[in-house]
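Basis for what follows: all heavy atoms, side chains included, without hydrogens, waters or symmetry-related copies.
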Amino acid sequence: MPIRILKLGIGLLLILPVLTGCWDRLEIEDRAIVLGVSVDLAGPGAESEEEEVAHLHDKFPAPEKSMIRVAAQIALPGKIPLGPGESGVSGKGSGDTVWVIDVVGHTIDDALMNLQQQLSAKLFFGHLRVIVVSDAFARKGLQNLNDYFRRNTEVRRTAWMMVSKGNAEQLMRAAPKLERVPTLYLLSTLDGAVRAGKFPTDFVGVFWSNGSKKGQEAFLPYIELMKAGNVELKGMALFKNDKMIETTEPFDIAAYMGIKGLNPAGYRAFIRLDDNPAKTVTVFASSRKSKLKVRIVNGIPHFQLSVFTEINLEEKMSEAIYTNNSAVLKKIEQEDMKSYKKAIEGLIKKTQKSGSDIFGFGEFVRAKEPKYWNEEINSEENWQKMYKEVTVDVEVVSRMRRVGMKAR
């Protein structure tokens, strides 16, 4: 009898954890599912819009800092398209699928608390896919924003963060023709850019990881909302100590991806064979490889960067260009090497001027020359100063892979 009772007790103990699996469940109808968040600097008069929700004057005083405006794009229950037949050009605007609410606050947490005060459902960030900040806010610094979202366990590290040229809230309220949900359009734009070789994978988790390293700085995609509701990828927003300090041109992305040896390659370039403008061809890179070496010269790191790229002939401006001639193909390769080398050197100099090592050269020094790093650098601030003085020799090798076919 005691053995039977013991077995029964053990069985009940094993079943008990299974029975408590749904004790803290929250129905989806009771959640306010946030798909996107935008952050801007609040304009004059923002104090009049604020309610004393997270603070109380003279008792729980708010921090003395400029106010921000946060807009959240919340999914409407039952309105989000679930399949191919319900998405795309459906004749419905974004107002039929999402609800955009904007509030002001002193910090991200303060603004979202003010937003929660206006909603009956609890804010849920498990499906947050896009965070957009204005360039003015990014130049002030993202320390508070990074701190809040990194502490939030609901936020996925595969979400995208991006910097908007001008007002960021407009992107939350945009109505793109190809997608009923603006956030999903932004998401597909960047995911498509990665697949097409137009931008490296730079999720918010990658951004946070790079920004926390001693020998590397972070960057974000720099975008602009166009008149038709579409979005243009204008380049990279370079950061230094959580603050945006510089932006690049779109083609600088190709230079960055060449330095890092990232594939696929998706940028085209014009190559002029001589002074005659008609003697111009268009090439695009099909693949890249890179190799980096470092040695200490006169107490300063010296880098040797080798970039190999395969190119294809896309088009030619004149029938006078005989692409079946090996000498012409060799000339195209040489001109591509010279132009691409200038682009890479120009991007490196731009980052050195601002002290923003987005390539991770400092991390390479930490790995290959640990003794030198520990004795001479040993901190992020020292590497930011040292990075301005390092020398980089760039070698580019281009090879023509295909010239295409032409029907006769």
Practice problem: Decide whether Gln384 and Glu217 meet the rule of one side-chain donor and one side-chain acceptor closer than 3.5 Å. | Solution: yes
Self-check item: Qualifying ring pair (Phe, Tyr, Trp, His ring centres under 6.0 Å) pairs with a residue from residues 277-317, counting only residues at least two apart or across chains
Solution: Phe303-Phe361
Self-check item: Over 12 non-hydrogen atoms of neighbours within 6.0 angstrom of NZ in Lys140
Solution: no
Quiz item: Within a radius of less than 6.0 Å around NZ of Lys350, do more than 12 heavy atoms belonging to other residues, nucleotides or ligands occur?
Solution: yes
Quiz item: Using a distance-only test with no angle check, is there a side-chain donor-acceptor pair under 3.5 angstrom linking Ser398 and Glu333?
Solution: no
Quiz item: In this structure, are over 12 heavy atoms from other groups packed under 6.0 Å from Lys368 atom NZ?
Solution: no
Quiz item: Considering residues, nucleotides and ligands other than Phe251, do more than 12 of their heavy atoms fall under 6.0 Å from its CZ?
Solution: yes
Self-check item: Residue that, paired with Phe219, satisfies ring-ring contact (aromatic ring centres under 6.0 Å, His included) out of Phe239, Phe359, Tyr256, Phe207
Solution: Tyr256
Quiz item: In this structure, are over 12 heavy atoms from other groups packed under 6.0 Å from Arg401 atom CZ?
Solution: no
Exercise. Take Lys240 and Asp357, measure what salt bridge (charged side-chain N to carboxylate O under 4.0 Å, His left out) needs, and give me the verdict at the end.
Key: CA-CA 8 Å; Lys240 180 180 178 182; Asp357 178 14; over 6 Å; no
Practice problem: Check whether the side chains of Asn382 and Ser379 place a donor and an acceptor atom closer than 3.5 Å, and report yes or no. | Solution: yes
Exercise. Assign the ring pair Trp373 / Trp383 to parallel, tilted or perpendicular, where the plane angle (0 to 90°) is split at 30° and 60°.
Key: tilted
